[in-house]
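Read the structure below first, then the notes.
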Amino acid sequence: MIKYLPLLIFILLGLNNCSGEKKNHEAAPSPAQVDALLHRVCARCHNLDMPPKTSDDEKAPPLYTVTVHLKDRMKSDDPSALRAKFIDFVSDYVIHPSRKKSYCDPASLKLYGVMPSLKGQITPVQARAVAAAIYDRYDQMAMLAAMKERNRLARLPAWQQVLETRDCRLCHIQGRGRLAPGFDEIARKYAKNKEEGLKKIEKAITEGSRGAWPKYHTPMRAYKGLSPRQLEGISRWILQQRKQ
Ligand code: HEC
Ligand code: HEC
């Protein structure tokens with residue numbers, strides 16, 4: 001037994017070491033955490049939309065523009081290795097940016113200045129996950145699809161735009177409202193006074209609603225960001241619903 005003691009100690013130490021390392025190992029962030037990082041950190045300077053939005057006082061080009069430009073400039077040697085190369089570059093750049101490393105063209109670099117280091121605001125593991133996410137999210141095909149979808153939505157009537165982009169139908173199911181009154185029931189409630197109904201419905205959507213339908217116990221949250229046309233469109237549409 002004594003003979004083996006050093007070996008035993010060695011093994012125990014080894015095990016200890018491994019588990020110690022495991023504790024320090026930082027897990028890769030989930031897609032939701034990556035999205036939160038993009039919004040909290042990157043969106044301070046880069047617009048995240050696709051199609052991208054630009055403005056006169058922007059602090060940096062939109063992330064779509066930056067990503068597509070980088071992919072294009074990096075492509076040269078081995079196209080199949082592009083994703084890995086992109087992730088290596090971007091995860092390093094956000095923590096150690098420099099004029100020398102930047103692929104940004106000289107005129108833009110002069111306009112925006114070099115990106116400040118995000119050291120302390122993002123860990124290397126997080127930076128790799130963010131780099132992978134923007135590589136996958138921002139590309140020309142996805143952009144074309146996003147623009148096609150935007151054009152398709154723009155041609156729909158305003159009420160349908162709301163139903164296709166919001167979750168109203170999750171709860172408001174025609175004729176069998178278990179989570180919320182059906183839109184037909186709401187129409188019936190306001191059938192006698194449509195002008196008042198219109199005002200009440202618009203208010204319920206923009207401010208949320210509680211207590212108007214005691215049968216359902218749960219309140220409804222407020223919906224922000226609908227255009228006036230969409231708000232009026234969906235409200236008038238609800239008033240026209242009949243039991244199917
Ligand atoms: C404080 C402002 C600021 C923040 C925050 C910021 N950036 Fe930047 N970023 C810039 C500016 C300015 C540039 C353009 C100049 C340059 O290339 O350094 C840039 C450029 C880049 C580039 C292009 C580099 C190149 O060589 O073309 C990438 C990629 C990038 N940013 C990713 C990110 C990511 C990912 C985040 C969030 C984790 C982020 N940035 C947060 C300001 C910022
Ligand atoms: C999570 C479930 C849920 C979703 C999603 C939801 N609602 Fe509701 N909604 C409710 C509930 C519950 C009520 C009843 C609340 C109350 O008692 O005041 C309600 C009430 C309403 C009312 C009636 C207000 C009144 O004065 O009687 C309207 C109109 C309405 N919702 C429209 C919408 C629209 C439009 C959307 C989508 C943009 C939507 N709701 C999404 C649950 C939901």
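Keep in mind that what you see is a predicted model, and the values were worked out from it rather than measured. The figures that follow rest on heavy atoms only: side chains count, while hydrogens, waters and symmetry mates do not. Position 1 is the first residue of the sequence; numbering continues from there.
Smallest separation of non-hydrogen atoms from A187 and I238: CB-O, 3.3 Å. Pairing each heavy atom of Q126 with each of Q121, the nearest pair is OE1-O, 4.4 Å. Here the shortest heavy-atom pairing between D105 and H69 reads N-CE1, 4.4 Å.
The side-chain contact (heavy atoms from CB on, under 4.5 Å) check on A127 picks up S91, V94, I95, I122, with sequence neighbours excluded. In this structure D56 satisfies the side chain to side chain donor-acceptor pair (under 3.5 Å) test with no other residue, sequence neighbours excluded. For the side chain to side chain donor-acceptor pair (under 3.5 Å) test, residues two or more places apart in sequence or in another chain that qualify with S80 are D78. When the salt bridge (charged side-chain N to carboxylate O under 4.0 Å, His left out) test is applied to R44, no partner is found at least two apart in sequence or on another chain. With sequence neighbours excluded, the residues forming a side-chain contact (heavy atoms from CB on, under 4.5 Å) with R166 are V162, C168, Y223, L226, listed by chain and number. For E195, the salt bridge (charged side-chain N to carboxylate O under 4.0 Å, His left out) test picks out no residue, with sequence neighbours left out. In this structure E164 satisfies the side chain to side chain donor-acceptor pair (under 3.5 Å) test together with R152, sequence neighbours excluded. Shown here are the salt bridge (charged side-chain N to carboxylate O under 4.0 Å, His left out) partners of D139, two or more places apart in sequence or in another chain: there are none. Under the side chain to side chain donor-acceptor pair (under 3.5 Å) criterion, Q160 pairs with no residue at all, not counting sequence neighbours. With sequence neighbours excluded, the residues forming a salt bridge (charged side-chain N to carboxylate O under 4.0 Å, His left out) with D49 are K53, listed by chain and number.
Residue pairs meeting the ring-ring contact (aromatic ring centres under 6.0 Å, His included) criterion with at least one member in residues 117-154, sequence neighbours excluded, are F86-Y135. Applying the salt bridge (charged side-chain N to carboxylate O under 4.0 Å, His left out) definition to pairs two or more places apart or across chains, those involving residues 92-103 are D92-K101.
Side-chain rings of F89 and Y103 approach one another, their centers coming within less than 6.0 Å.
H96 places no side-chain N or O within 3.5 Å of a backbone atom of S117 that could act as its donor or acceptor partner.
Salt-bridge formation is not detected for the pair K189/E185: no Lys NZ or Arg NE/NH1/NH2 atom is positioned less than 4.0 Å from an Asp or Glu carboxylate oxygen.
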